Amino acid sequence: MLIVRHGESTWNAVRRWQGQADPPLSERGENQATRGGIAAVDHGPFTAVATSSLIRASRTAEIISDALDLQVVASLPGLAERSAGEWEGLTRAEINSAYPGFLDEGRRPPGYESDESIVGRAGAALRQLADQHGSETLLVVSHGGIIHALERAYSGDDGWQRLDNLTGRWFDVGADAIVPVGERIALVPDGGPAIPPPERGYA
C-alpha cells in the first residue's frame, strides 16, 4: 500500500491544528490532488483506492481515483488523523497563549492521542484492507500523523520529519507488522506550506 497524506485543507492554509476536525480541501489542495492523481500513474499499477473518513482525505481520494480510473473501495474511521484534543482548531499563537511553554517543551494537551492508539486503530484498518484485497496494490489517502506514527512504530526511527501534502510511503501490510518500504514519495513537488513551515502537529 502506498499511504499518502491528503491535499492542503483550508485549515492547513492558515496553520490551524486540525486533528479530527473536518475542514475541506482548499483550492490549492484540490489542485494538488488532481496533479497527484496524474503522478500516481507512474507509481502503480494500483488496483483500488481507500481513504480516511475525514473529508480532506476522502475528497483527495475521490480525485485520485478518477485519475486512475479506479473505485474508492473503503472509507475507514481507523485511518482518520490523530486527535489533537484541546488544541483542535487553534493556531500556534493561540496555543502559546493558552498553554505557555507546551510547544517548546514538546508537551501535549488533554485528549491528545498517543502513537500507541494510532498504530492500534490504523493498523487494524490497514489489515482489514489487506484481508479484503489480498495481494492487490492499493493507494490509501490518510494523514501526516498516521504515517508518522506507523514509521516510528515499524522503522525504529524516533525522529520527526515534516510530511508534505501528497507525500507518502509504501508499506507492506502483514498480520504481524506493517513494514515501511523505501523512501518517502512526493506525488507533487510543491506539497509543502505556501508560507514558511509551521510547527509540528498540522495534519
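These figures come from a predicted structure and were not determined experimentally. Both backbone and side-chain heavy atoms feed into the values below; hydrogens, waters and symmetry mates do not.
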With the side chain counted from C-beta on, respond yes when [X] and [Y] share a heavy-atom pair under 4.5 Å apart, and no when they do not.
X    : Y    : result
H6   : N165 : yes
L139 : M1   : no
V140 : V49  : no
I185 : T167 : no
V181 : R169 : no

### Donor-acceptor contact present, side-chain S142 to main-chain L79, <3.5 Å
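Judged by distance alone, yes, a pair lies under 3.5 Å.
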### Query
Which pairs pass salt bridge (Lys or Arg N to Asp or Glu O under 4.0 Å) with one or both residues in residues 116-133, sequence neighbours excluded?
E113-R121
### Task
Determine which pairs satisfy salt bridge (Lys or Arg N to Asp or Glu O under 4.0 Å) with at least one residue from residues 173-193, sequence neighbours left out, and list them in order.
R35-D190, E151-R184
### Task
Could you tell me whether R16 and E88 make a salt bridge, using a distance below 4.0 angstrom between a side-chain N and a carboxylate O?
no
### Salt-bridge contact D164-R5 (side-chain N to carboxylate O under 4.0 Å)
no
### No-hydrogen, no-angle side-chain donor-acceptor test under 3.5 Å, S26 and E8
yes
#### Entry: Distance-only polar pair, side chains of Q18 and S9, donor-acceptor under 3.5 Å
yes
#### Entry: Shortest non-hydrogen contact between A33 and T60, atoms and distance
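Nearest pair, atom of A33 first, then T60: CB-CG2, 3.9 Å.
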### Message
Is the distance from the ring center of W17 to that of Y99 below 6.0 Å?
### Response
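Aromatic pair excluded; centres sit 6.0 Å or further apart.
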